[in-house]
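Taking it in order: structure first as structure tokens, then the write-up.
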Amino acid sequence: MRLLLLAAVLGIALAARVSYDGHKVLRVNPTDDQLALLMQFKNRPGFSFRNEPRRTGANLDIMVSPEQHAAFLSFLKEKNIGFHVLFDNIQTLIEAEDRRQRSMSKVPRAISFDQYYRYDEINSYLEELAAKYPNLVTLESIGKSYEGRDMVVIKISSGGSGTRPAILIDGGIHAREWIAPATALYVIYQLVESNAANSALTDAVDWYILPVLNPDGYEYSHTADRMWRKTVSVTPISGCPGVDGNRNFGFHWNEVGASDYPCYEDYAGEVAFSEIEARNLRDFALANKEQIKLYLTFHSYGGYLLYPWGYTSELPPDWHTLQELAADASLAHVNAGGDPFIIGSSTNALYAAAGGSDDYMKGVAGIELSYTAELTNTYYGFQLPAELINETVTRFFESVRVFGRYVKENF
Ligand code: ARG
Ligand code: ZN
């Protein structure tokens with residue numbers, strides 16, 4: 001009883017937590033032929049492809065359970081596939097994250113970018129901003145998640161009564177990609193709390209930011225399974241909940257790079273927009289589509305700036321504009337001390353996958369400038385240590401600045 005109480009106080013569900021003890025992460029640099037061989041492991045029990053490059057020469061990080069490890073190593077040797085071990089035991093990273101989280105003072109203090117916040121903490125911060133900056137900030141719940149959590153969009157507008165061009169940003173459609181909500185939060189922090197320094201970004205452009213697009217999954221990744229990616233809705237297979245939110249949007253839905261099988265990580269859902277979270281974002285974007293000129297969705301990891309399409313290798317007619325703007329954003333990231341982003345269409349630079357929010361925003365909502373940012377390229381992947389949040393978000397804010405300036409100058 002006392003232990004349970006302690007667990008509740010610490011905000012961790014000790015008993016229910018999935019352990020990744022002994023799970024290794026191997027990094028391979030496969031040739032095209034080797035990649036084809038490796039793909040057979042993609043959805044096998046005991047394997048998780050943390051990223052999956054189609055681009056020759058790109059890293060592929062594969063998490064392997066202790067049960068599968070020996071056989072997989074023999075396979076790699078037999079096929080002559082070179083690899084190195086990124087993490088010998090991924091559970092040690094998870095536990096290090098927990099320790100840091102617990103050591104963080106729970107005494108209310110100013111927001112900082114050296115820790116990951118929970119859903120409630122993020123929303124409390126947004127409420128604080130709305131109270132403190134009523135002339136700049138309004139909050140809107142665009143609907144509730146599957147488990148009933150509000151999906152809160154913060155609107156940052158210094159005037160213009162909704163006539164100004166706007167930028168829509170979201171983060172956290174994939175639960176385990178914690179740096180995504182953190183980055184969205186940092187953009188909010190800069191635009192609102194450092195408005196004097198950043199007034200050029202808000203004097204002619206409105207910002208709509210949804211830091212946690214998949215709040216149920218996000219919480220689940222904190223309390224139950226650090227590697228959770230999907231939503232948490234019930235599926236036709238009991239024991240396999242959740243849909244990949246970024247395969248669920250209704251534009252060339254489920255045509256490629258998605259799965260019909262509920263137990264897989266890239267399950268597209270039974271129908272397009274089966275997920276309430278995807279519907280809520282869709283409805284918000286459609287209601288404001290005249291105003292929204294640019295869409296940015298935050299993911300991790302890999303260090304990519306991707307534009308449509310994810311459903312086809314064909315390029316949109318304005319791909320040149322998309323490419324050049326991304327190149328400017330990447331340059332700003334480099335000037336801030338970051339690495340250059342790999343830039344291209346989702347299909348060509350990463351892999352084909354239909355049903356993404358980025359494709360929908362461009363293809364259906366008519367938001368021509370639509371990007372997925374795969375934040376951070378460190379080998380930590382999803383478990384980017386909290387100590388590295390600050391440099392990651394401050395550098396990327398310089399890219400956001402470029403997007404903001406472009407919208408201001410071109411619409
Ligand atoms: N890693 C992201 C995902 O798998 C990339 C999405 C890129 N966009 C796309 N429409 N495929 O969801
Ligand atoms: Zn993602």
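In what follows, every heavy atom counts, from backbone to side chain, and hydrogens, waters and symmetry copies are set aside. Both counts, for ligands and for their atoms, begin at 1 and track the order of listing.
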Ignoring hydrogens and angles, state whether a donor on the side chain of Tyr208 or Gln291 is under 3.5 Å from an acceptor on the partner side chain. yes
Inset, instruction - Could you give me the CA-CA distance, side-chain angles and deciding distance for Phe341 and Tyr304, then say whether ring-ring contact (aromatic ring centres under 6.0 Å, His included) is met? - result: CA-CA 5 Å; Phe341 282 93; Tyr304 295 83; 8.9 Å; no
Glu177 OE2 to His299 ND1 via the Zn ion (ligand 2), rounded to 10°, gives 150°
With heavy atoms and a 4.0 Å threshold, my read on which part of Ala353 contacts ligand 1 is both
To the Zn ion (ligand 2), the closest N, O or S atom belonging to His174 is ND1
TODO: State if Arg229 counts as touching ligand 1 under the rule of any non-hydrogen atom under 4.0 Å.
DONE: yes
Task: Side-chain heavy atoms of Pro181 within contact of Tyr119, under 4.5 Å - done: no
- prompt: Using a distance-only test with no angle check, is there a side-chain donor-acceptor pair under 3.5 angstrom linking Gln101 and Glu97?
  reply: no
- Message: Over 60° means perpendicular and under 30° means parallel, so tell me whether Tyr406 and Phe411 are parallel, tilted or perpendicular.
- Response: perpendicular
Ligand 1 and His299, any nitrogen or oxygen pair closer than 3.5 angstrom?
no
Is there a donor in the side chain of Tyr267 and an acceptor in the side chain of Glu270, or the other way round, less than 3.5 Å apart? yes
Closest heavy-atom approach to atom 1 (N) of ligand 1 among Glu374, His174, Glu265 is made by Glu374
Under 3.5 Å: N/O of Leu350 near N/O of ligand 1: no
In terms of side-chain heavy atoms, does Tyr301 have a donor or acceptor partner in Asp61 at a distance below 3.5 Å? yes
Looking only at protein heavy atoms, what sits closest to atom 8 (N) of ligand 1 is Asp358 OD2, 2.8 Å
Numbered in order shown, the ligand 1 atoms found under 4.0 Å of a heavy atom of Tyr351 are 1 (N), 2 (C), 3 (C), 4 (O)
Atom 7 (C) of ligand 1 sits nearest the protein heavy atom Ser346 OG, 3.3 Å
Exactly one of Tyr117, Tyr116, Trp178 clears ring pair (Phe, Tyr, Trp, His ring centres under 6.0 Å) with His222, and that residue is Trp178
- Min heavy-atom dist Trp309 to ligand 1 below 4.0 Å: no
Taking only non-hydrogen atoms of Asp359 and a 4.0 Å limit, the atoms of ligand 1 in range are 10 (N)
Subject >> Atom CD of Glu147 with >12 non-hydrogen neighbours under 6.0 angstrom >> reply: yes
If we number the atoms of ligand 1 from 1 as shown, the ones under 4.0 Å from a heavy atom of Arg247 are 3 (C), 4 (O), 12 (O)
In this structure, atom 6 (C) of ligand 1 is nearest to the protein heavy atom Asn246 ND2, 3.5 Å
